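Just below is one structure, and these are the notes that go with it.
Start at 1 and go down the list; that is how both ligands and their atoms are numbered. Note that the coordinates shown come from a computational prediction; the quantities given were computed from them, not determined experimentally.
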Amino acid sequence: MNTPLPLDTPGNLFVVSAPSGAGKSSLVNALLELDAKLAASISHTTRAPRGQEQDGREYWFISREEFRAKIEHDDFLEWAEVVGNLYGTSKAGIEARLAHGEDVVLEIDFQGALQVKQMFPMATLIFILPPSWEELRLRLQRRGDTEPDVIERRMANARVEVAQAKHFDFVVVNALFETALFDLKAIVHAQRLKYAAQLRHRSAVFQALDLC
Ligand code: 5GP
């Protein structure tokens, strides 16, 4: 059983997906730095921490048993298995933030993004595309994944992921980082200018114009 979120929340929910190497994390981190009204959600995962990652900062690192218990308790807005590890977005934190009018961004895989859209149709789904397969391969090689089979696996996954972009509301092509960031900011800004959002945030203007 998975209970949907309330339909009409004052906050906006943004969901960003992309194949590995498309620049999703760098773009979302830059967006978060520029936009104090936007908060990131910290996912739960069963994978082990990498490098300097800290529990409660990049992810909540939990066991498979703990993860299964959370599924049983209907704690996740969405969850998915990505390359052998489980990842999930906790419902409680997001629900509270959206109810308080905060905007939240999820950086999750396409399976999770499509689940979120089902649970919460108001969510804005954004897919980040690389400019070409050649450029994606170059970016993966530059990241230090020198093992050719690792790169080939990621390229194969990327083809599956990119094929899902048609189900998303917006597409940003990350050819030039600054242009892609501008596009992301524009999407967030446009959502905040929707009638219902303006009615909430600019109520004095709406009242003065006899619109409410
Ligand atoms: P990584 O292990 O490299 O941090 O992430 C692997 C993939 O899992 C990335 O595509 C990332 O966006 C995705 N991911 C991270 N958190 C979640 C989550 O809560 N749910 C889903 N469905 N995917 C997630």
* What's the spacing between Leu184 CG and Ile126 CD1 if we round to 0.5 Å? -> 5.5 Å
* To do: Please find out if less than 6.0 Å separates the ring center of Phe168 from that of Phe110.
  => no
* Take Tyr87 and Phe76 through the ring pair (Phe, Tyr, Trp, His ring centres under 6.0 Å) test and state the conclusion after the steps. => CA-CA 10 Å; Tyr87 295 84; Phe76 290 130; over 10 Å; no
* To do: Below 4.0 angstrom from a heavy atom of Asp109, which ligand 1 atoms are there? Numbered from 1 as shown, please.
  => 12 (O), 13 (C), 21 (C), 22 (N), 23 (N), 24 (C)
* **For atom 4 (O) of ligand 1, closest protein heavy-atom neighbour** => Tyr59 OH, 2.5 Å
* Asked: Would you say Trp79 and ligand 1 have an N/O pair spaced under 3.5 Å apart?
  -> no
* Heavy-atom nearest neighbour of atom 7 (C) of ligand 1 within options Asn157, Val83, Val82 -> Val82
* CG of Asn12 to CD1 of Ile187: how many Å apart, nearest 0.5 Å? -> 12.5 Å
* Asked: What protein heavy atom sits nearest atom 16 (N) of ligand 1, and how far off is it?
  -> Ser43 OG, 3.2 Å
* Asked: Can you list the ligand 1 atoms lying under 4.0 Å from a non-hydrogen atom of Gly112?
  -> 22 (N)
* Can you tell which of Lys24, His44, Arg50, Glu107 gets a heavy atom nearest to atom 3 (O) of ligand 1? -> Arg50
* State the atoms of ligand 1, each with its element, that fall below the 4.0 Å cut-off from a heavy-atom position in Ala80. => 22 (N)
* To do: Tell me which part of Arg47 gets within contact of ligand 1: side chain, backbone, both or neither, using heavy atoms under 4.0 Å.
  => side chain
* Can you tell me how far CD1 of Ile71 sits from CH2 of Trp79, rounded to the nearest 0.5 angstrom? -> 4.0 Å
* Locate the shortest heavy-atom distance separating Asn85 from Arg64; write the atom from each residue and the value. => CA-NH2, 4.3 Å
* Apply the test side-chain hydrogen bond (donor to acceptor under 3.5 Å, both in side chains) to residues Glu135 and Ser132: give CA-CA distance (whole Å), side-chain angles for both, the deciding distance (0.1 Å), then the verdict. => CA-CA 5 Å; Glu135 177 61 23; Ser132 67; 5.6 Å; no
* **For atom 6 (C) of ligand 1, closest protein heavy-atom neighbour** => Tyr87 OH, 3.6 Å
* Heavy atom of Glu78, distance to ligand 1 below 4.0 Å -> yes
* Asked: Is Arg47 salt-bridged to Glu58, going by a charged N under 4.0 Å from an acidic O?
  -> no
